[in-house]
Structures are given as C-alpha cells and as structure tokens.
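So the structure is just underneath, and the comments pick up after that.
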Amino acid sequence: MNSEQQYIDLYEQCRDMICSHSATPMNAVRDEAFEAFRSKGFPTKKTEEYRYTDVPTLFAPDYGLNLNRLAIPVDPYEAFRCDVPNLSTQLYFVVNDQPLLSEIPKHVVDGVIVDSLKAYSSKNPGFIERYYSKIADFIGDAVTALNTMLAQDGLLVYVPKGVVAEKTIQVVNILRSDVDLMVNRRVLIIVEEGASVKLLFCDHASDDRPFLATEVVEAFVGHNASLELHSLEETHYKNTRFSNVYINQQADSRVVHNVITLHNGVTRNTLRLAFRGEGAECSLGGCVISDKEQHVDNNTLVDHQVSHCTSHELYKYVLDDKSTGAFAGRVLVRQDAQQTVSEEVNQNLCATREARMFTQPMLEIYADDVKCSHGSTVGQLNDQALFYMRQRGISLEEAKLLLQIAFVGEVIDKIELTPLRDRLRYLVDKRFRGELNKCEGCKLCK
C-alpha cells in the first residue's frame, strides 16, 4: 500500500464521523481537499519544494487518530513542565488538536477574541467562512490538503479593527497520548485594519510516543495592522512535525515571523507570505539547533505582488553529530512590484564532518527597479577565534559553545518581544550545554 492510500481509505470510511464533530466552514471545503489529495498524492523528493524531506516515508506508519473527539485526561499545567514558562502572557492550551476551552479564563482579552473555530462559527455564522481555507493552498500542497480533509476543529485568534493587544498571547501545544498518534491542528489568525497583536506558539510533547503533527496556519493582516508570530518547538526525537504557515499582508502592514527549533525529531516548516498592498514589510527569522540524527527543513516563499514592499530573511543553523538541515528560500518579485527591497540570508555551521546542510536561496525578479540580495554560507567554527579564546584560558569545549551561542544570537537578538528574547538566550545556552533535557525530571529530549 502506498503512503496516501491509508488516508484515502480512512476518509472514505470515516467522512460522516469527521464532519459530525466539526464546523460548517471546515466541512464546506473538506471534500474538495480530499479530491486534491487523492489526485495529487504525497510529494516525493523529485518535487522541487520537498526535495530535502522524504514525505511518503514519514506518513507511511499507521498512526492512531482521535476522530471521535474523546476527552483527553490531562492537566495541561501538569503536562507543561518544560523550560518555557508563562512569560507574563495570556496563556491558552491546545492538547493534540483540541483547544481546551474550559481552561480559557476569558474569550476576550485586550479586545482580542480567542476561541475554537467550531464554537465561534456556531455563535457567529458566516464569519469564519470568509477566511477559512482561503489562502491555504490545498490544491498545490498535499500536506495542507491532508490537514484540511482531516482537521475537525482549530484555534481562532481574532483582533478586531483598531484593537492593540498589550499582552502577548501564548498558545501551548501539547502532544499527549499513550499510543502512537497523528494530530491535525488548524489555526486562523485575523488582524483587522489598524490592529496589533503578538503571538507565541510553543510545541511540547508530554509522552514518550511517536507523534505525527500537521499544522496549517492562515494569517490575514489588514491595512496598517501588525502581527508578531513566534513559533518555538521543543518536542523530542520521536516527533514528526509539518507546519504550513500562510500569511497575507495588506497595505502598510507589518509582520514579524520567527521559528525556533531547539529539540525535535523531523521538522518541515513551510512559509508562504504574500504582499497584497503597498508599503508592507516583513521580517522573517529562523534558528535551528540540531544534533544526533535530527532533521530540520525550512522552506519559504515571499511573494512581492505589489510595489514598495520590504522583506528581510535571516535563518541560521547549527548542526552537530549526524543531523541534517535544509533551507530553501524563494523571493518572487512580480512585474508590477517596483521599488521592492528584499534581503535573504542563510548562514550555517556544521560542527562535525557527518552533519549535512542543504541550502538554496533564490531570487526570481521580473521588475527592473528593485534592491534585492541573497546569500548563504556553510562552514565550521573559526580556528583563529578558537585559538584566540584558548590563549585566554578558555577551554576548547567552552570556546566552541560560546562561538555557537554567539552565532545564533543574531537571530535571537532581533526578537523585539523582550521576555521571549531573554528566555531564548537562556534556553539556547542550556541547549548547547546539553542541559535542556533536565527539566524537572523530563527525559523526552535525551
């Protein structure tokens, strides 16, 4: 049986059950996503956008799914014992793919509405339909199609016109199961005109089981609006994660997106950002620390569709042992996108001869009045810097650690959210020193 056939059979047998536990907007596109998945199938390494990640093999195991939406016996505060505490944020929990509404103290904080897609859709018919699955490309991407046909609920973050949220919203995603499990998360972010919000998503696994998580995030950023979206993965080596983020920006909007991978098994992060209005800008950052046989693949597309927009990308990897990393970043400047400014940088350190990094920065430009640059480097630690530090009494091991910490520090330092920036500096230091697996007896990250 090929990898996708089990999911085709599952959907055909369980479609009615899936729909019965879901919301009208999600069910409205489910069959179309299924037909797209069935006709297209999983991408292979011959597909340019997935050439560095073996998708069919990762989806081949027979994972369990909680299609009946059975209640999960878990105290999120008990399960959430890793190294990213509440950073003076408004805290919410999603266990596997279920928002814990009973744990949400208020649905409206600082004017921001946080709710499940199913609950909000029932209370406000017609609203979710205007946004759900409008920019998530399930026709062109099989993982997005699979998520769209199987996801039964999701998280809504809605920031109405003119609302400026003072408090950061922190969403803790917890993987919890006593059997091998597949989860399909969905997130819808709507930031209307003149609104502003900061979001922090943290991924954790509380059980020593193989997990397969797909996640699709759609973010609509209105005119003169601002969105900061930070994603932190700190799971374990048995976890496989596919995260697809789609962002649309209107005129004069601002987006900051950072993805930090501290602990994982196999991770594929996809980002598709489109400028739909003039004067918009985005800053995209990525930090990867990987060892053992971990794999992290970041694939980005920034689509400059209109003029006078600015994009900056900085992704940095430190790879140890036999780990592998991949970065493919494409900046598309269309014919009408004059006065575009774009900078794309990918820098990487391979700490061993066995570590592998694949890097592919790309510029595709059809306008003639632009300022665009891109570049990548793959190397090892600077021998002269190591020698300099050794001469001053610093041990070789400590010198290597300090240089690696300083290397990724450029990404961390760009994060404007001060509590998160300070906490990440602490976590990065612990990660390089091998101390991140000592969180209150947790053994998942060893």
Side-chain angles (χ1 to χ4, degrees), residues 4 6-38 40 59 63-72 74 92-104 107 113-139 141-158 171 173-177 179 181-190 201 211-220 241-246:
E4 49 272 334
Q6 63 175 320
Y7 300 102
I8 293 171
D9 294 342
L10 172 71
Y11 185 79
E12 290 178 335
Q13 295 166 11
C14 302
R15 177 191 177 279
D16 291 343
M17 179 194 302
I18 294 171
C19 291
S20 68
H21 294 293
S22 191
T24 300
M26 304 181 77
N27 291 334
V29 296
R30 201 178 299 280
D31 286 345
E32 187 180 357
F34 169 69
E35 292 301 331
F37 177 78
R38 180 162 62 178
K40 195 176 185 65
F59 279 88
Y63 290 91
L65 289 99
N66 187 11
L67 297 181
N68 274 316
R69 315 301 287 169
L70 299 176
I72 303 167
V74 59
Y92 302 95
F93 291 99
V94 176
V95 176
N96 296 332
D97 54 4
Q98 299 186 38
L100 295 191
L101 295 182
S102 62
E103 298 296 329
I104 297 180
H107 288 297
I113 297 171
V114 179
D115 210 339
S116 81
L117 292 177
K118 182 178 179 181
Y120 197 80
S121 177
S122 64
K123 292 180 288 189
N124 299 272
F127 181 82
I128 300 298
E129 286 88 337
R130 300 206 302 265
Y131 298 96
Y132 183 80
S133 204
K134 298 303 183 185
I135 57 176
D137 182 18
F138 62 75
I139 300 297
D141 186 89
V143 176
T144 299
L146 181 67
N147 178 281
T148 303
M149 76 191 214
L150 294 180
Q152 293 172 281
D153 201 355
L155 190 71
L156 169 69
V157 179
Y158 171 41
V171 179
N173 295 315
I174 300 174
L175 294 170
R176 170 75 179 90
S177 177
V179 298
L181 186 68
M182 177 184 184
V183 302
N184 299 284
R185 298 194 189 106
R186 199 75 185 210
V187 180
L188 178 61
I189 302 169
I190 302 165
F201 287 84
F211 291 99
L212 171 61
T214 74
E215 178 183 66
V216 173
V217 179
E218 295 179 279
F220 297 82
R241 176 179 186 261
F242 282 80
S243 176
N244 292 2
V245 178
Y246 299 86

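FYI, side chains are in, hydrogens and waters are out, and symmetry mates aren't considered; it's all heavy atoms of this structure. Residues: numbered from 1 along the sequence shown.
- No side-chain N or O of N244 forms a donor-acceptor pair with one of N147 less than 3.5 Å apart.
- Side chains of S22 and R30 form a contact here, defined as non-hydrogen atoms less than 4.5 Å apart.
- Nearest heavy-atom pair across L181 and G64 is CD1-O, 3.2 Å.
- The two residues R130 and K134 have their closest heavy-atom pair at O-CG, 3.5 Å.
- Atoms CG and CZ, from L67 and R15 in turn, are 13.5 Å apart once rounded to the nearest 0.5 Å.
- For the pair V217 and F201, the minimum side-chain heavy-atom distance is 4.5 Å or more.
- A 4.5 Å side-chain heavy-atom check between F138 and M149 finds every atom pair outside the cut-off.
- Counting heavy atoms from C-beta on, the side chains of L175 and V183 come closer than 4.5 Å.
- Note that CG of L150 and CZ of F34 are 10.0 Å apart. Values are rounded to the nearest 0.5 Å.
- Formation of a donor-acceptor pair under 3.5 Å by the D153 side chain with backbone atoms of K118 is found in this model.
- For Y11, the side-chain hydrogen bond (donor to acceptor under 3.5 Å, both in side chains) test picks out D31, with sequence neighbours left out.
- Checking R185 against S243 by side-chain atom types alone, no donor-acceptor pair falls below 3.5 Å.
- Inter-residue side-chain proximity for V187 and V171 is flagged as unmet; no heavy-atom pair is nearer than 4.5 Å.
- How far OG1 of T24 is from CG of L117: 12.0 Å, rounded to the nearest 0.5 Å.
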- Query: I190 and F127: side-chain contact (heavy atoms from CB on, under 4.5 Å), yes or no, with the steps?
  - Reply: CA-CA 11 Å; I190 302 165; F127 181 82; 3.6 Å; yes

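- Distance check, rounded to the nearest 0.5 Å: OG of S116 to CD of Q152 gives 12.5 Å.
- Inter-residue side-chain proximity for Y131 and E218 is flagged as unmet; no heavy-atom pair is nearer than 4.5 Å.
- Remark: side-chain polar atoms of E12 are not paired, donor with acceptor, to backbone N or O of D9 under 3.5 angstrom.
- The minimum heavy-atom distance between I135 and A219, with the atom names listed, is CD1-O, 3.8 Å.
- Aromatic pair F59/Y63: ring centres not closer than 6.0 Å.
- Using a 4.5 Å cut-off on side-chain heavy atoms (C-beta onward), Y92 and V157 make no contact.
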- Step by step, would you call R186 with D97 a side-chain contact (heavy atoms from CB on, under 4.5 Å)? CA-CA 8 Å; R186 199 75 185 210; D97 54 4; over 6 Å; no

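- Proximity of R241 to E215: side-chain heavy atoms (C-beta onward) are separated by under 4.5 Å at one or more points.
- One distance of note links CZ of F93 with CZ of R176; it measures 14.5 Å at 0.5 Å rounding.
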- What's the verdict on side-chain hydrogen bond (donor to acceptor under 3.5 Å, both in side chains) for T214 and N184, showing C-alpha distance, side-chain angles and the deciding distance? CA-CA 5 Å; T214 74; N184 299 284; 2.6 Å; yes

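- Here the closest non-hydrogen pair linking S20 and M17 is OG-O, 2.7 Å.
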- Could you go step by step and tell me if Y158 and L188 meet the side-chain contact (heavy atoms from CB on, under 4.5 Å) rule? CA-CA 8 Å; Y158 171 41; L188 178 61; over 6 Å; no

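- With sequence neighbours excluded, no residue satisfies side-chain hydrogen bond (donor to acceptor under 3.5 Å, both in side chains) with S121.
- Between atom CG of residue N66 and atom NE2 of residue H21 there is a gap of 9.0 Å, rounded to the nearest 0.5 Å.
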